[in-house]
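The figures that follow rest on heavy atoms only: side chains count, while hydrogens, waters and symmetry mates do not. Residue numbers begin at 1 in each chain, while the letters A, B, ... track the order of the sequences.
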Amino acid sequence: MRTSQLLLPTLREDPGEAETVSHRLMLRSGLIRKVAAGIYTYLPLGLRIIKKVETIIREEMNRAGAQELLMPVASPAELWKETGRWEYYGKELLRFKDRHERDFCLGPTHEEVITDLFRREVRSYRQLPLNFYQIQTKFRDEIRPRFGLMRGREFIMKDAYSFDLDDAGAKLSYQKMYDAYSRIFTRCGLTFRAVEADTGLIGGDVSHEFMVLAETGEATVVYSDKGAYAANLERAEIPAPSETDGTPLRSMTAVSTPQRKTVEEVTAFLNISPGRLVKTLLYEAEARTVAVLVRGDHEVNEVKLARLLGVTEVELAGPEKVMTLTGAPVGFAGPVGLKDVRVFADYAVKAMRNFVIGANQADTHFVDANWDRDFSVASFADLRNAQPGDPSPRGDGRLTLARGIEVGQVFLLGTKYSKKMNATILDEHGKERLAVMGCYGIGVGRTAAAAVEQNHDEKGIIWPFPIAPFHVHLLPLGQSAAVAAAVSGLYEQLQIAGLEVLWDDRDERAGVKFNDADLIGAPYQVVVGDKGLAEGTVEVKTRKTGEKIKLAPADVPAALLKRMAG
RNA sequence: CGGGGCGUAGCGCAGCCCGGUAGCGCGCCUGCUUUGGGAGCAGGAUGUCGGAGGUUCAAAUCCUCUCGCCCCGACCA
């Protein structure tokens, strides 16, 4: 491809709107342009990268036995009402009405549509296992789209859905996808880690996320320093600590803590460590309010809390609500004498004795409080976030935290959707059984963005070879007949060798071409100038290392092929 | 949803506080020179100053409303 035939608007300066590396570089190198918040056009060069990622995904999905199909972007409300997700999915589901006032939504995911297809078309266990996938545009009306392709509202996703006769079969399907995902991300040149994950709005029993470790990641990954355990922070289990020592209980007394509201203020004032205080958070969980107790130096994990309570979402109560329930301003809530509020406590609290808590009275805390004696706890559970240094729940070392970009997630759904939508098949005894499902997603654009996050330097992108928009960037310098002849010869020869070549045929100065080439990030640059040609050579530069070698033009294709293979 | 910021030429920005009818750099067009890491000189084109309303003799500038975008936060008591 010649640059003159390609819309490739590179930017000299960083666009004002972009903060993160991948967003900045994808805009600057002319891959994407924004149309609205979280909605982008893929320019020709950007689309080439998307297509490369898609090709890798297709190859691996097909290899794993999945079949490609394509579902519609618009789907009717009826299907979503069958599973309850018309309400449950919330505001992320973009809804609209057609001209007949019928309700529709733009598909954020396609469990309903595929399950509907399955129940209509598949009758017998003999047809199983089945796995369908598509690569399609999804729409999720995110609260806050950001970082370019990293969190868009409209984005390209590969989603797959497996159907099996029983749990064992479903597990096998799940494992196949897990393995396929590992191959896909490896082939895309990513350093990633599969971690245990929460199932969120999709639901199901078991789930793993594929995380690309990068500072700009929005997720927090927890993993053991010595063993194999790895999980999303939302999910990471924390084992119940061993029972308390036999410290004798002291009697509870109220102390004045004027203007001391936060854990830091209260513990500093009382001259104790935050680990000796128990904080009380009031949460609204759908219709009811609950109190959650965690140690002062711990944080409540809202995902765990929601799961324990069996709700979609929990929200910290506002100041007025706190005042109504506790009779005190925010900062002094405690479990003692709380009315009409169930109290849940983190395991760590169970191990504590003689701790400090809020007294439900302004400027007052209790010291030497003890659960059971001074207040009752509905149940103890794992309700906090893991912290660095916590023991691994698998007993294999201590936990470390890192940031990650979630590029894929796999779910073992069980019969959640098949039950609600009555997707049954006949088994070998002629008996109706619910299909056991799995679902599997990959963010295509996000995978490309993650690759940029992991592969760049101050000059620009350094594309991993398998997803590079072009393999070789051909840079003629000057307008001499010798250069023109050598370049068009090389252009032919490189393509005959099977390489994808971008030929910068603009009448630009050397510096401009070099800088654009470094920005765009093709793995190899071939520089053809009069200087080199005078001694019979052209220069081959490896983008990643900056290494430059001189070769006779005729030797370039073979040399590049050899390097790529090695 | 809350807070902060920004919207002025294709891009990056100044001008706004203190009203007087719009400017800089890059890019773009023409010509000449130049040509191995973002060229030089000369000439040139390009703006409903996000939108609406108001104040004023006069508004990019002041006031009100509105739309869009970016960043942070979304409550740890």
Side-chain angles (χ1 to χ4, degrees), chain A residues 9-20 23-24 27-28 30 33-39 91 143-148 257 259-267 274 277-284 291-302 305 313-323 325-326 328-335 338 346 356-365 383-385 459-460 475-480 483 506-519 525-535 537-539 541 546 548 550:
Chain A
T10 53
L11 305 174
R12 286 194 180 201
E13 292 167 271
D14 278 335
E17 69 187 55
E19 294 288 319
T20 52
H23 190 192
R24 231 169 51 219
L27 285 168
R28 275 194 64 198
R33 285 294 183 267
K34 187 177 67 190
V35 177
I39 299 178
K91 287 187 179 167
I143 291 179
R144 189 178 160 205
R146 59 180 132 183
F147 306 154
T257 50
Q259 302 297 313
R260 271 62 171 194
K261 296 178 182 177
T262 66
V263 171
E264 274 178 17
E265 288 163 1
V266 174
T267 54
L277 179 142
V278 168
K279 56 185 174 185
T280 306
L281 293 317
L282 294 165
Y283 274 94
E284 314 238 38
V292 179
L293 308 186
V294 293
R295 213 168 74 187
D297 56 338
H298 289 159
E299 287 179 351
V300 172
N301 180 315
E302 296 181 356
L305 178 61
E313 221 172 18
V314 294
E315 201 177 346
L316 215 50
E320 317 78 39
K321 186 88 183 173
V322 171
M323 182 58 97
L325 287 167
T326 68
V330 168
F332 304 97
L338 258 191
D346 181 63
V356 174
I357 53 171
N360 295 329
Q361 189 185 329
D363 298 340
T364 312
H365 280 79
L383 289 174
R384 71 171 174 99
N385 281 337
K459 301 288 280 181
L475 306 171
L477 305 183
Q479 301 296 315
S480 76
V483 167
R506 298 174 300 173
D507 181 15
E508 285 288 355
R509 299 173 68 82
V512 174
K513 292 188 176 185
F514 290 145
N515 280 299
D516 270 351
D518 286 344
L519 177 62
Q525 296 168 15
V526 176
V527 181
V528 183
D530 284 316
K531 254 198 213 169
L533 289 179
E535 50 188 57
T537 64
V538 297
E539 189 178 86
K541 174 177 157 181
K548 297 172 183 172
K550 290 185 191 306

- Query: Has the side chain of A:D518 got a donor or acceptor atom that lies under 3.5 Å from a matching backbone atom of A:G460?
  - Reply: no

- Round to the nearest Å and state the distance from A:L477 atom CG to B:U34 atom C1'. 14 Å

- State the pairing partner of B:C62; accept Watson-Crick or G-U wobble contacts with both distances under 3.5 Å, and report none otherwise. B:G54

- Note on the structure: Under a 3.5 Å limit on both distances, the Watson-Crick or wobble mate of B:G2 is B:C72

- Of all heavy-atom pairs linking A:G334 and A:N360, the shortest is N-OD1, 2.8 Å

- Note on the structure: When both distances are under 3.5 Å in a Watson-Crick or G-U wobble arrangement, the nucleotide paired with B:G7 is B:C67

- Query: Closer than 4.0 Å, any side-chain N/O of A:R509 to the OP1 or OP2 of B:A39?
  - Reply: yes

- Task: Would you mind telling me which residue lines up with the more 5' stretch of RNA chain B, A:A333 or A:D530, judged by nearest nucleotide?
- Result: A:D530

- Roughly, in whole Å, what's the span from OH in A:Y283 to P in B:C75? 7 Å

- Which part of the nucleic acid does A:L282 contact within heavy-atom distance under 4.0 Å: base, sugar-phosphate only, or nothing? base

- Task: Name the nucleic acid region contacted by A:G318, choosing base, sugar-phosphate or nothing; use a 4.0 angstrom heavy-atom cut-off, strictly under.
- Result: nothing

- Which whole-number value in Å describes the distance from A:E299 CD to B:G73 P? 13 Å

- Message: Could you report the tightest heavy-atom contact between A:V294 and A:L281, atom names first, then the distance?
- Response: CG2-CD2, 4.0 Å

- Message: So A:K91, base contact, sugar-phosphate only, or nothing? Heavy-atom distance under 4.0 Å.
- Response: nothing

- Query: What integer distance in Å separates A:E264:CD from B:C76:C1'?
  - Reply: 11 Å

- Separation of atom NZ in A:K513 from atom P in B:A39, rounded to whole Å: 13 Å

- Side chain of A:E508: nearest nucleotide among B:G36, B:G25, B:C28? B:C28

- Query: With sugar-phosphate meaning primed atoms plus P, OP1 and OP2, does A:K321 contact a base, only sugar-phosphate, or nothing at under 4.0 Å between heavy atoms?
  - Reply: nothing

- Task: Please state whether the base of B:G38 and the side chain of A:R28 form at least one donor-acceptor pair under 3.5 Å?
- Result: yes

Tabulate protein N/O versus nucleotide N/O from nucleotides 69-71 of chain B, keeping only pairs under 3.5 Å, one per line.
from, atom 1, to, atom 2, distance (Å)
B:C69, OP1, A:A37, N, 3.0
B:C69, O3', A:K34, NZ, 2.9
B:C69, O2', A:K34, NZ, 3.4
B:C70, O3', A:E17, O, 3.3

- Item | Distance, C1' atom - from B:C17 to B:G73, rounded to whole angstrom | 29 Å

- Query: If each of A:D516 and A:I143 is mapped to the nucleotide of RNA chain B with the nearest heavy atom, which maps nearer the 5' terminus, i.e. the 5' end?
  - Reply: A:D516

- Nearest-neighbour nucleotide for the A:E13 side chain, B:G36, B:C75, B:G12 considered: B:G12

- Item | Span that lies between the P atom of B:U48 and that of B:C1, in whole angstrom | 31 Å

- Task: Please state how far atom CG in A:L281 lies from atom P in B:A74, giving the value in whole angstrom units.
- Result: 13 Å

- Verify the contact: side-chain N or O of A:R12 to OP1 or OP2 of B:G27, cut-off strictly under 4.0 Å; return yes or no. yes

- Under 3.5 Å, is there a donor-acceptor pair between the side chain of A:K261 and the main chain of A:V330? no

- Whole-Å P distance, B:C69 and B:C32: 46 Å

- Mind checking the C1' distance from B:G43 to B:U56? Whole angstroms is fine. 41 Å

- Query: Please give, in whole Å, the distance from B:U34 C1' to A:D507 CG?
  - Reply: 11 Å

- Item | Non-neighbouring partners of A:R28 that pass salt bridge (charged side-chain N to carboxylate O under 4.0 Å, His left out), sequence neighbours left out | A:D14

- Is A:V263 touching bases, backbone alone, or none of the nucleic acid, heavy atoms closer than 4.0 Å? sugar-phosphate

- Task: Taking atom C1' in both B:A14 and B:A9, compute the distance separating them and give it to the nearest angstrom.
- Result: 14 Å

- With rounding to the nearest 0.5 Å, note down the distance linking CZ in A:F332 to CE in A:M323. 10.0 Å

- Query: How far apart are the closest heavy atoms of A:V322 and A:A317, and which atoms are they?
  - Reply: CG2-O, 4.1 Å

- For B:A42, which nucleotide is its Watson-Crick or G-U wobble mate, given both distances must be under 3.5 Å? B:U30

- Kindly check if the number of other-residue, nucleotide or ligand heavy atoms within 6.0 Å of CD (A:E17) is above 12? yes

- Query: Distance from A:D363 atom CG to A:Q361 atom CD, nearest 0.5 Å?
  - Reply: 9.0 Å

- Message: Regarding A:T280, tell me which of base, sugar-phosphate or nothing describes its non-hydrogen contacts under 4.0 Å with the strands shown.
- Response: base

- Message: The side chain of A:V527 is closest to which nucleotide in this list: B:C11, B:A74, B:G36?
- Response: B:G36

- Message: Using atom P in both nucleotides, what's the gap between B:C75 and B:C16 to the nearest angstrom?
- Response: 40 Å

- Item | Base-pairing mate for B:C24 - Watson-Crick or G-U, with both contacts under 3.5 Å | B:G12

- B:G54 and B:A59: how far apart are their P atoms, nearest whole angstrom? 12 Å

- Determine the Euclidean distance between corresponding P atoms of B:A60 and B:C71; express it in Å to zero decimal places. 31 Å

- Item | Taking every non-hydrogen atom, the tightest pair across A:L383 and A:L305 | CD2-CA, 3.8 Å

- Counting side-chain heavy atoms from CB outward, which of B:A39, B:G36, B:G37 is closest to A:V512? B:A39

- Task: In whole angstrom, give the distance that lies between atom NZ of A:K261 and atom P of B:C75.
- Result: 17 Å

